[in-house]
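The chains referred to below are lettered A, B, ... by the order of the sequence lines, with proteins before strands, and numbering in each begins at 1.
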Amino acid sequence: MPEIRLEGVTKRFGEVVAVRDLSLEIRDGEYFTLLGPIGSGKTTTLMLIAGLLEPDEGEIYFDGRPMRGVPPEDRRVGFVFETFALFPHYNVWENVCYGPRVRGEDPEATRKVAEEMLEMVLLEDRPDALPDELSGGMKQRVALARALTSGARILLLDEPLGALDAKIRTALAHDLRRIVKDLGLTAIHVTNSVEEAMTISDRIAVLHRGSVEQVGTPREVYENPRTLFVMDFMGDINLFSGEVTRADGGFTEVTTPEGFTFRSSRRTMSPGSEVHVVVRAEDADILPRTEETVNNLHGIVKEKMFLLGFMEYLIELETKQEFIVEVPLMMSERIWEVGEAVSITFAPEKVYLFEKEESL
Amino acid sequence: MGGSEEMPDVRLVNVTKRYGRVIAVEGLNLHVRDGEYFVLLGPSGCGKTTTLRIIAGLTKPDEGRVYIDGRDVSGIPPEDRNIGLVFQHFEIFPFMTVYENVAYSLMIQGLDEEEIERRVYQALEVAGLNEVADRYPEELGAPELQRCSIARALAKGSRLLLLDEPLGSLDPETRERFRFTLRSLVKGRGLTAIHVTHDQEEAMAIADRIAVFRRGRVLQVGTPMELYERPASIFVANFVGETNFLEGVIERSGERSLVRLRGDLLIEAGGSNLRAGSRVVIGVRRENILLEEGKAEGLNALPGRVIRAAFLGKIIRYRVELDNGDLVEVKQPTRLGRFFGEGERVYLIFPAEKVLVYPYPEDLRYELALR
């Protein structure tokens, strides 16, 4: 099983630096995701690994072997794209066998592998169907079977679930991971969906403006975001700026120009530092109006939305700023109504601090 | 309440539309109330977009009538129905500024300049686009472009907004934030909105009421909470939210029923009036199950083993194999502060009132298909 290493890779398109001095190590048999917004360089990185683009600087290694000059067809990579790229006039079976057939591989061996792969993607009963007769999810499974039949050990997936209905997306995400793990492949998956990345990955690299912001397991990236960008990208946050006014006993206290006081136990920073203060929507709670001032903000419920298993509230603070709170239904004692006067509270270990020079 | 305030703003009566032999919508009856944010939800090909086009007048139904504000609009062309249309792809003119895009249809209507300016600036302000009025579309991101098409609909003065996957072109993070924006825009101006989506999470977040479509028919209409707590069918329970289904047999019926699952596991479920011995499917939402280490006496608990644990941020998702071999998916808020590893023995606690009982369907696979 291959291990993939990128060392100091840079790729420019004219004036634009798409990927900047990027280093990454993807382990053998790992389901690895490149996660980032549009324009973060994730697809360019995938194309560099595939050999569809060559880096301007740096080197890419497969199992320690430099890949510069090795054409895509000799890298043993399989591709799955957002749009299905199946031959419309070939049926499922012909699509899946296409690669090995044009390479002149032994028909009997091809037949065996193709059968196995169709079974793997749960389409063994549809070999005669034409792509048009299949749903989006099925087409994507055919594309996957085709990538696998060519003997690829590395699977590169560019937004493979992007064109599918939300419900089918989740189901196929589970199938993808299962297939990659069962076959012992290494998978690199590009997406801009945090939920998809968290569901499917062993590890995630969060990309921003062509650079890696953080690499880690879903839990590491969520629990200890290294930068404000990562924290913001991973979910719904509430952001404030202020100055550290006290630091003792493991707590850092921040005062904001609006007069809010935040207390954090996550990080010690020296008094006088300018900082960003971040509280996640799901780390805050709503109470009836309190008199507390530290880690307590006061406002009025402006909007409430029902998410699956959660209630999301938009609270308008006295300063007219908005604060998002998400409370699991399972842990809700009551539902708050629009117009109610409430207080928002959060624990010191849920107050994240970032140096001011990091901006979004 | 009563009288004209409750008069439905949009009413579809017995609407049917066929394309050749394919039935797009059949015998459709819907009431969308005045000032309501209404969502048409369903998988691809379920008839939701056809329904929207019929309301807009872009598609002519084969049978049935459409009433807007009590008026039969069957013979009225789209441009005279006083509706604002917003699509997934913004349909913004690239060679016009934001201002000009919003002003365009008003100029066509031949309004005087002062009136146009007043209306455009008001619409731009509501849509939060004041500062980019003179920019060209290529200088703007997808959320601004979508605001621009909304502003255009608002400037026309339409009281009825029809939105076809309006958040579909936005990236996932922006999409979630834009839900609030869209809903407050509609609510703030007292408009009626009919919004088409295949994304149940979006529907739940944004709607006052939702109609769930499948294969040209409406299966259920209700508030998000009603659909969530009392899905009328296995399909709705499966399509809206994430539900586990287990097969069993009724032991006892009533306000609480007792169901025997495979492997003789007994579970107390919600009410049913089915005869003892009837085959049933029980449904329980992933987030309504609580995982515990030891069995607490007297609780409605089934034993199992964690076979996959995935940390998704605010929730942790578990796949648990019950001792009878059935698989159950569970979502726990990370906030509970409990983590179970793969291989760990657990008990799944089922709140009886949240376990739904359905008669065993003729074709379970069909009920569970997502199309």
Query raised in the report: H276(A) and F240(A): aromatic ring centres closer than 6.0 Å?
Result: no
Which atoms of [X] come close to chain B, meaning under 4.5 Å heavy atom to heavy atom: side chain ones, backbone ones, both, or neither?
X	result
I204(A)	neither
S201(A)	neither
F233(A)	both
E196(A)	neither

Could you look at [X] and say if it's the side chain, the backbone, both or neither that has a heavy atom under 4.5 Å from chain A?
X	value
I315(B)	side chain
S184(B)	both
R179(B)	both
I289(B)	backbone
E202(B)	neither

**Report entry** Top of E287(B), K314(B), R286(B) for chain A proximity - count of heavy-atom pairs under 4.5 angstrom
**Finding:** K314(B)
Query - Contact leader toward chain A among A207(B), P224(B), G168(B), A203(B), where contacts are heavy-atom pairs under 4.5 Å - result: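 Sorted descending by pairs with chain A, the first entry is P224(B).
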Requested in this report: Return the orientation label for the Y228(B) and F306(A) ring planes: parallel under 30°, perpendicular over 60°, tilted otherwise.
Outcome: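 Taking F306(A) first and then Y228(B), their aromatic rings stand perpendicular (interplane angle over 60°).
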Query raised in the report: Mind checking whether H195(B) and Y37(B) have parallel, tilted or perpendicular rings, split at 30° and 60°?
Result: tilted
Query - Residue Q321(A) excluded, over 12 heavy atoms near CD under 6.0 Å - result: yes
**Report entry** Interface residue of largest heavy-atom contact number with chain B, from T217(A), L329(A), L314(A), L307(A), under 4.5 Å
**Finding:**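 Result: the option with the highest number of such pairs is L314(A).
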Report summary line: Residue from D283(A), N192(A), V194(A) scoring the most non-hydrogen pairs under 4.5 Å with chain B is N192(A)
Query raised in the report: Is there a donor-acceptor contact under 3.5 Å linking the side chains of R280(A) and N238(A)?
Result: no
Report task. Indicate whether any N or O donor in one side chain lies under 3.5 Å from an N or O acceptor in the other, for E159(A) and H189(A). Result ->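 No.
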Query raised in the report: Can you check salt bridge (charged side-chain N to carboxylate O under 4.0 Å, His left out) on R177(A) and D182(A), steps first, answer last?
Result: CA-CA 8 Å; R177(A) 187 181 156 88; D182(A) 284 357; over 6 Å; no
Report task. For E303(A) and R183(B), run salt bridge (charged side-chain N to carboxylate O under 4.0 Å, His left out): C-alpha distance rounded to whole Å, both residues' side-chain angles, the deciding distance at 0.1 Å, then the answer. Result -> CA-CA 9 Å; E303(A) 276 279 357; R183(B) 190 181 152 88; 3.5 Å; yes
Requested in this report: Verify salt bridge (charged side-chain N to carboxylate O under 4.0 Å, His left out) between R317(B) and E329(B), making sure each step is shown before the conclusion.
Outcome: CA-CA 7 Å; R317(B) 181 173 290 170; E329(B) 305 276 349; 5.5 Å; no
